[in-house]
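Everything on this sheet refers to the single structure shown next.
Read the numbers this way: they start at 1 and go in the same order the structure lists the ligands and their atoms.
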Amino acid sequence: MDGIEAVGDAVTGGLLARAVEPRAGEANGHTHEKNCLNCGTRLNGPYCSACGQKAHVHRSVRAFFQDFVQGLFNFEGKIWRTLPMLAWRPGEMTRRYIAGERARFISPVALYLFTVFAMFAVLNFTGALNPHSAKTMQEGLKTGIADDQKELAKLELKRNIALAAGQKVADLDRRIAKRQGDIADTQKVLSGQAFASAQSDNGAPGWVRPFIKNLRDNPDVVSMKVQDAASKYSWLLIPISVPFMWLLFPFRRRYNTYDHTVFVTYSLSFMMMLVVVGGVLVTLGMPSLESMLFLVPPFHMYRHLKQTYELGRFSAIMRTMALLTFAFIAAALFAVATVAIGAM
Ligand SMILES: [Zn+2]
């Protein structure tokens with residue numbers, strides 16, 4: 001009965017507040033409410049106890065921008081609290097978030113969407129997703145061949161010297177053959193033979209052939225559609241990854257699917273942040289630092305797992321190795337799904 005009365009009160013209160021609103025609005029649009037303007041709950045203090053909205057709202061141009069700036073700073077304050085924790089103490093943050101400190105950090109899904117957006121923005125800016133960056137790949141292959149040929153010349157010189165000295169050359173012969181093989185392979189890729197054979201639909205199952213034909217005929221369109229699918233369906237990575245977490249903790253009832261989902265979503269967000277950092281480093285002309293970033297994921301996964309699930313060192317190492325394997329499988333599944341959607 002109490003509840004119904006309270007609701008009744010709230011409804012009439014809300015209606016009343018709305019009815020008097022135009023009159024209550026003074027020059028600066030200040031309102032004096034007894035009930036929350038958002039949900040009608042009776043007010044007791046500067047914020048609504050039911051929905052959290054401010055008791056007083058303003059109807060002014062200044063308020064219009066204040067709403068925006070406040071929202072922005074609220075997000076900004078949280079993101080500067082969340083990102084350093086995610087980088088250095090990911091397990092502690094995940095633990096605390098799971099335990100209930102929800103308002104303190106950016107929620108996993110919001111952070112995930114934010115990083116997806118940031119990642120695609122950076123990748124587009126650096127041209128990494130541009131199909132025409134194939135030209136720079138070709139130049140890379142050419143320098144690769146030149147380097148191999150230099151190395152080959154050195155090896156052949158060594159072989160001649162060794163032969164003259166009457167030493168064994170079996171090891172050198174093996175290394176020379178390997179270099180020659182490398183050069184031949186790279187030349188094949190450069191001349192387009194490897195690409196052509198990869199694209200030929202001979203032996204491909206019937207249902208795959210239309211995709212291959214589409215890829216060969218319109219590579220730019222397919223590339224765009226795959227990017228589009230990858231960003232649109234980026235959330236798929238979360239449900240793909242959670243079952244692997246079940247496999248990682250089969251007998252731990254203490255940790256449930258919610259915990260795993262929070263862990264996976266924060267972890268994936270961090271990995272995408274790493275891509276963003278890599279893109280920025282390349283743009284700043286520091287590619288050598290960028291190549292170091294490949295060492296970060298295993299280290300981060302180890303710390304994240306160890307702290308979140310309160311594991312011992314050995315158990316954390318074993319699970320990090322398993323998680324790395326699972327991550328590759330999950331990424332491959334996601335790649336197949338987006339390419340399939342993009343090539344359709
Ligand atoms: Zn309210």
* Close side-chain approach of C48 and N38, heavy atoms under 4.5 Å -> no
Return all side-chain donor-acceptor pairs below 3.5 angstrom for residues 273-287, not counting sequence neighbours, or 'none' if the list is empty.
unit_1, atom_1, unit_2, atom_2, d
T283, OG1, G279, O, 2.7

* Side chains of F270 and L111 in contact at under 4.5 Å (non-hydrogen atoms) -> no
* Pull up every protein N/O/S atom sitting under 2.8 Å from the Zn ion (ligand 1), skipping waters. => C36 SG, C39 SG, C48 SG, C51 SG
* **Y266 and Y97 aromatic ring geometry - parallel, tilted or perpendicular at 30°/60° bounds** => perpendicular
* If we ignore angles and hydrogens, is there a donor and acceptor under 3.5 Å between the side chains of Y309 and H260? -> yes
* Distance-only, no hydrogens or angles: does the H300 side chain make a donor-acceptor pair with backbone N or O of L86 under 3.5 Å? -> yes
